[in-house]
Amino acid sequence: MSLVEQFGPHLPFLRRYARALTGSQESGDSYIRASLTALAEDPSQVSDELPARQALYRFFHVIWGSTGARLERPDASSVTPETRLQSLAPIERQAFLLTALEGFQVSEAATILGKTVQQVEELIAKAHSDIEATLSTKVLIIEDEPVIAADLESLVEELGHEVTGNATTHTEAVAMARANPPGLILCDIQLADNSSGIEAAHEILEELDVPIIFITAFPERLLTGERPEPTYLIPKPFQENTVKAAIGQALFFHPSSESVAAE
């Protein structure tokens with residue numbers, strides 16, 4: 001099998017990884033070119049004992065490390081997912097991206113990085129901890145069921161965020177959002193006075209740029225495919241880990257989330 005046949009299908013994903021790792025398209029692509037040049041000169045450098053994709057990423061890391069692994073420094077004036085990634089220590093960033101972005105198992109990432117499984121698990125945990133520390137924000141809960149609202153408040157505070165209030169109606173939700181702008185909203189769609197959480201969310205979004213996670217017993221009402229629909233939708237009854245993951249994703253990929261961070 002030729003090198004193109006063996007590794008070609010995996011190159012787009014390696015390119016994505018290199019760009020995320022280094023912080024720029026130009027820098028990431030330059031490392032890809034260096035890796036491909038070295039590979040063409042001596043194909044035997046790539047292990048034939050590993051699956052092709054895993055072997056390619058491992059080889060990339062060898063080249064990346066041998067060139068000094070010069071990483072781009074984040075622009076402190078901007079807050080984006082890219083700058084958040086760049087704030088991680090290099091080895092933590094590698095472990096995080098290999099598993100979270102590229103979908104490798106921890107054991108596969110350990111092989112790629114030349115680390116033990118335990119070491120990679122510790123690196124990933126540290127990366128998550130560092131990311132969560134930079135994402136602390138104010139959260140508005142829009143939920144008319146007291147028990148569910150209390151569960152969400154406990155979960156949000158456990159993640160290190162500040163709950164600014166719990167609205168049970170459309171009017172209450174909009175007023176609370178205006179009085180104390182949140183960095184994230186957790187929203188039910190059917191509220192206490194038969195008002196709509198969806199309408200409340202739309203009204204809030206006219207004034208604030210804030211990620212919203214809908215948590216509802218009626219997901220089919222938001223998944224018709226006939227209009228713009230929410231990115232984050234969690235059905236009730238919810239699993240705590242599902243909500244935690246959605247909160248992390250929503251804040252991480254929303255550039256303005258730190259503009260109303262909890263003080």
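Applying the salt bridge (charged side-chain N to carboxylate O under 4.0 Å, His left out) rule to pairs touching residues 176-189 yields R178-E203, R178-E207, D188-K236, sequence neighbours excluded. Pairs of residues two or more places apart, or lying in two chains, that qualify as ring-ring contact (aromatic ring centres under 6.0 Å, His included) and include a residue from residues 111-143 are F96-H128.
Taking OG of S196 as the start and CD of Q190 as the end, the distance is 9.0 Å to the nearest 0.5 Å. Atom CG in L186 sits 11.0 Å away from atom CD in E153 (nearest 0.5 Å). Rounding to the nearest 0.5 Å gives a distance of 8.5 Å between CG of L233 and CZ of F214. The CG atom of D42 sits 13.0 Å away from the OG1 atom of T37 when rounded to the nearest 0.5 Å. Rounded to the nearest 0.5 angstrom, I148 CD1 and E143 CD are separated by 4.5 Å. For the atom pair I112 CD1 and R53 CZ, the distance stands at 7.5 Å (nearest 0.5 Å).
Contact record, S136 with G160: OG-O, 3.0 Å, taken as the closest heavy-atom pair. In this structure, L113 and Q94 approach most closely via the heavy-atom pair CD2-OE1, 3.2 Å. The shortest non-hydrogen separation linking I142 to I185 is CD1-CG2, 3.7 Å. Here the shortest heavy-atom pairing between V120 and A109 reads CG1-CB, 4.2 Å. Across F59 and S35, no two heavy atoms sit closer than the pair CE2-O, 3.2 Å. Counting all heavy atoms, side chain and backbone alike, A38 lies closest to I63 at CB-CD1, 3.8 Å.
Looking only at side-chain heavy atoms (C-beta outward), R19 and D29 come within less than 4.5 Å of each other. Looking at T168 and L191, their side chains never come closer than 4.5 Å, going by heavy atoms from C-beta outward. Two residues are said to be in side-chain contact when any heavy atoms from C-beta on lie closer than 4.5 Å; V139 and E162 fail this criterion. The closest side-chain heavy-atom distance from T116 to Q119 is below 4.5 Å. Put simply, the side chain of L208 reaches to within 4.5 Å of the side chain of P181, judged on heavy atoms. Within the 4.5 Å cutoff, no side-chain heavy atoms of N166 are placed close to those of M176. Between Q54 and T111 the shortest side-chain heavy-atom distance falls below 4.5 Å. The side-chain heavy atoms of L21 and R93, taken from C-beta on, include a pair separated by under 4.5 Å.
Partners of Y57 under the ring-ring contact (aromatic ring centres under 6.0 Å, His included) rule, at least two apart in sequence or in another chain, are Y17, F104. For E41, there are no salt bridge (Lys or Arg N to Asp or Glu O under 4.0 Å) partners, not counting sequence neighbours. For F238, there are no ring-ring contact (aromatic ring centres under 6.0 Å, His included) partners two or more places apart in sequence or in a different chain. The salt bridge (Lys or Arg N to Asp or Glu O under 4.0 Å) search around R58 returns none, not counting sequence neighbours.
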Check: Taking it one step at a time, do I124 and V106 satisfy side-chain contact (heavy atoms from CB on, under 4.5 Å)?
Finding: CA-CA 9 Å; I124 294 170; V106 173; 4.1 Å; yes
Next item on the list: Go through the steps to decide whether H161 and L251 satisfy the test side-chain contact (heavy atoms from CB on, under 4.5 Å), and finish with yes or no.
Entry: CA-CA 11 Å; H161 307 299; L251 290 176; 3.5 Å; yes
Note to self: Quick one, L36 with F7, criterion side-chain contact (heavy atoms from CB on, under 4.5 Å). Give me CA distance, side-chain angles, the key distance, then yes/no.
What the structure shows: CA-CA 10 Å; L36 294 179; F7 299 119; over 6 Å; no
Checklist line | Worked verdict on I215 versus I213 for side-chain contact (heavy atoms from CB on, under 4.5 Å) | finding: CA-CA 6 Å; I215 303 176; I213 300 173; 4.2 Å; yes
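The closest donor-acceptor contact from the side chain of S195 to the backbone of H170 lies under 3.5 Å. Remark: the backbone N or O of D151 is not paired with any side-chain donor or acceptor of S154 at under 3.5 angstrom. Between the T99 side chain and the A95 main chain, a donor and an acceptor come within less than 3.5 Å of each other.
Environment of CD in Q45: crowded, with over 12 heavy atoms of neighbouring residues, nucleotides or ligands closer than 6.0 Å. With a 6.0 Å radius and a threshold of 12 heavy atoms from other residues, nucleotides or ligands, Q105 has its CD atom at or below the threshold. Atom CG of N194 has 12 or fewer heavy atoms from other residues, nucleotides or ligands within 6.0 Å.
In this pair, W64 and F60 present their aromatic rings parallel. The plane angle is below 30°, not in the 30 to 60° band.
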